[in-house]
Number of protein chains: 2
Amino acid sequence: MASSVAELISGRMGEMPAGERRAAQTLIANYPLIGLKTVADFSQQAGVSSPTILRFVSRLGFHNYPEFQAALQDELAAQLQSPLSRTSVRPTPDQGKTSPVIEATLQNIRETFRHVSDKQIRDIVALIARPRSTIFLIGGRFTDPVARYTAAHLTIIRPNVFHLTGQESTWRDRLIDMGKRDVLLIFDIRRYQDSLLRLAEKAHARGVEIVLVTDQWLSPIARFARHVIAGRTAVPSAWDSSAALFVVAEALIGEATRELETESARRIREMEELR
Amino acid sequence: MASSVAELISGRMGEMPAGERRAAQTLIANYPLIGLKTVADFSQQAGVSSPTILRFVSRLGFHNYPEFQAALQDELAAQLQSPLSRTSVRPTPDQGKTSPVIEATLQNIRETFRHVSDKQIRDIVALIARPRSTIFLIGGRFTDPVARYTAAHLTIIRPNVFHLTGQESTWRDRLIDMGKRDVLLIFDIRRYQDSLLRLAEKAHARGVEIVLVTDQWLSPIARFARHVIAGRTAVPSAWDSSAALFVVAEALIGEATRELETESARRIREMEELR
DNA sequence: CAGACGCTGTAATTTATGATACGTATTTTT
DNA sequence: AAAAATACGTATCATAAATTACAGCGTCTG
């Protein structure tokens, strides 16, 4: 079972007539992007007619052109997810023999921050650092600890930070305290929890600014969120990894601390004195 | 002159209405492949209608959808051309590479696992997976969330997992339940907490096997611990980073799950049925 | 509270894309 | 060298995709 389209091609290049071979060569030379464009583009680039392209694709075993494009996209998706697994590039310089799960985790963190812009972080931090707003935090079954971690730090650098804890009914009642100036920071990865969605919906209805940290498949809460950060969670293990979300949380904490530098320094000093 | 589409998006995300922002978030989360599919696919994935996608694209400054796709393809082409420049061809080229704090975090994780031997992990997992023992978990001010996270997972794959929560007096009383067969998993980084040290000492006196996950300066609890894992926590920020500890926890969870594969599968199945 | 504005989805419209039929050219075979 | 078979391109068709028009809805504003 040939896995990649490129493999398929090199396997059957021999049996192909001249025109189709030109198509094959063009595709390999611009792999795989030319295959994602239209048949017309592809045919022009290859210097053949569009039916030739279609025959070529059909010879590869695909029933129609979109099916062929879907295969290319899937490959590309897999490649972009884990750049290190590319067959062409195998840099492994000194990172040597850490376990695959750890490597995947590191890659997830990197990849996550590739998709998060500075501006996004700054915008969220601006919300978090806004002195007059109250901040509520909550997470799902496995991510709630990350929410707690974040809360533990934020509560030191600024007032009015509350982690929504305990029974669902308990924090549902806290909705009454939330208003337009306030911020709800939610961590939610699949399988997404209905209870969190309901909370987000109601909070949104009250005008609360919702910040969502989720996985790359986006929790349905994204619908109500002002800001969404999508972290990578896939690792070769029975569980998803929340490490990337954890690092996102640390990044937010770090930036918020810098933002609130003077105030937080004062708070910390006062706290020390209270011991 | 904004070069990348991702950059464009993060620049204008703020001015966008809710629906278009959802589109933006979905695109960023699956960058850039979802943008190469059809408008219908994109809209469905984002949970909005196709006109919203078109308006979103138009707001980014493109005159039509194909033009937008062409821009994405050009980016992708540049990226695929020189795989090694993946890190340099970034959505936000203004910061060069990932922020120093993130880089330090990644380095910490890697460094941590360089010093942790497979045997160490295996020994600890053997303890955790021992069916007859009860497992208690606890952490310090900032690391307790990591303990909770670990507990949340372990409690799924095996019985008798307890996170020591609430007041110090509460968990001190749980000491009475701890015996020689049991395991106490402690997370503690500086500034080390006296309360945890006292707990560890007493548990040790009762013959409990203590596993300590700490920072590289080793919590005093190490004196009582059967196994110690020292993670790196230093980052250029106001706070220490617990990310390495978090990944250590995930590694333990992952290995324990594999170890208890058959039993945990059965438990998970039963749990599903109980819904 | 009424009116205006802006956002969003449904449905109709237009565009362009993939697929097919057929005739011509090219190669292969005897 | 002639006939057969295969390959290829032109022109046409069907269909799927992008686009536009419009109406409903919610949200701010005076």
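Order of the sequence lines fixes the chain letters, A, B, ..., with proteins taken first and strands second; residue numbering starts at 1 for each chain. Predicted model only: the values in this text are computed from it and were never measured.
For Pro66(A), the side-chain contact (heavy atoms from CB on, under 4.5 Å) partners at least two apart in sequence or on another chain are Asn64(A). For Thr150(A), the side-chain hydrogen bond (donor to acceptor under 3.5 Å, both in side chains) criterion is met by no residue, not counting sequence neighbours. Taking the side-chain contact (heavy atoms from CB on, under 4.5 Å) definition, one finds that Glu270(A) meets it with Arg266(A), sequence neighbours left out. Residues satisfying the salt bridge (charged side-chain N to carboxylate O under 4.0 Å, His left out) criterion with Arg55(B), sequence neighbours excluded, are absent altogether.
In the 5' to 3' direction, nucleotides of DNA chain C lying under 4.0 Å from heavy atoms of chain B begin and end at dC7(C) to dT10(C).
Atom-to-atom, CE of Met16(A) to C1' of dT6(D) comes out at 16 Å; the value is rounded to the nearest Å.
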*asked:* For nucleotides 13-29 of chain D, give me one character per nucleotide, 5' to 3': B if any protein heavy atom sits under 4.0 Å from the base, S if the only such contacts are to the sugar-phosphate, - if neither.
replied: ----SSBB---------
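Screening residues 36-54 of chain B for salt bridge (charged side-chain N to carboxylate O under 4.0 Å, His left out), with sequence neighbours left out, gives no hits. Listed by first and then second residue, the salt bridge (charged side-chain N to carboxylate O under 4.0 Å, His left out) pairs that reach into residues 239-250 of chain A are Arg190(A)-Asp240(A), sequence neighbours excluded. The salt bridge (charged side-chain N to carboxylate O under 4.0 Å, His left out) contacts involving residues 159-170 of chain A comprise Glu168(A)-Arg198(A), where partners must be two or more places apart or lie in separate chains.
Not less than 6.0 angstrom separates the ring centroid of Trp217(A) from the ring centroid of Tyr192(A).
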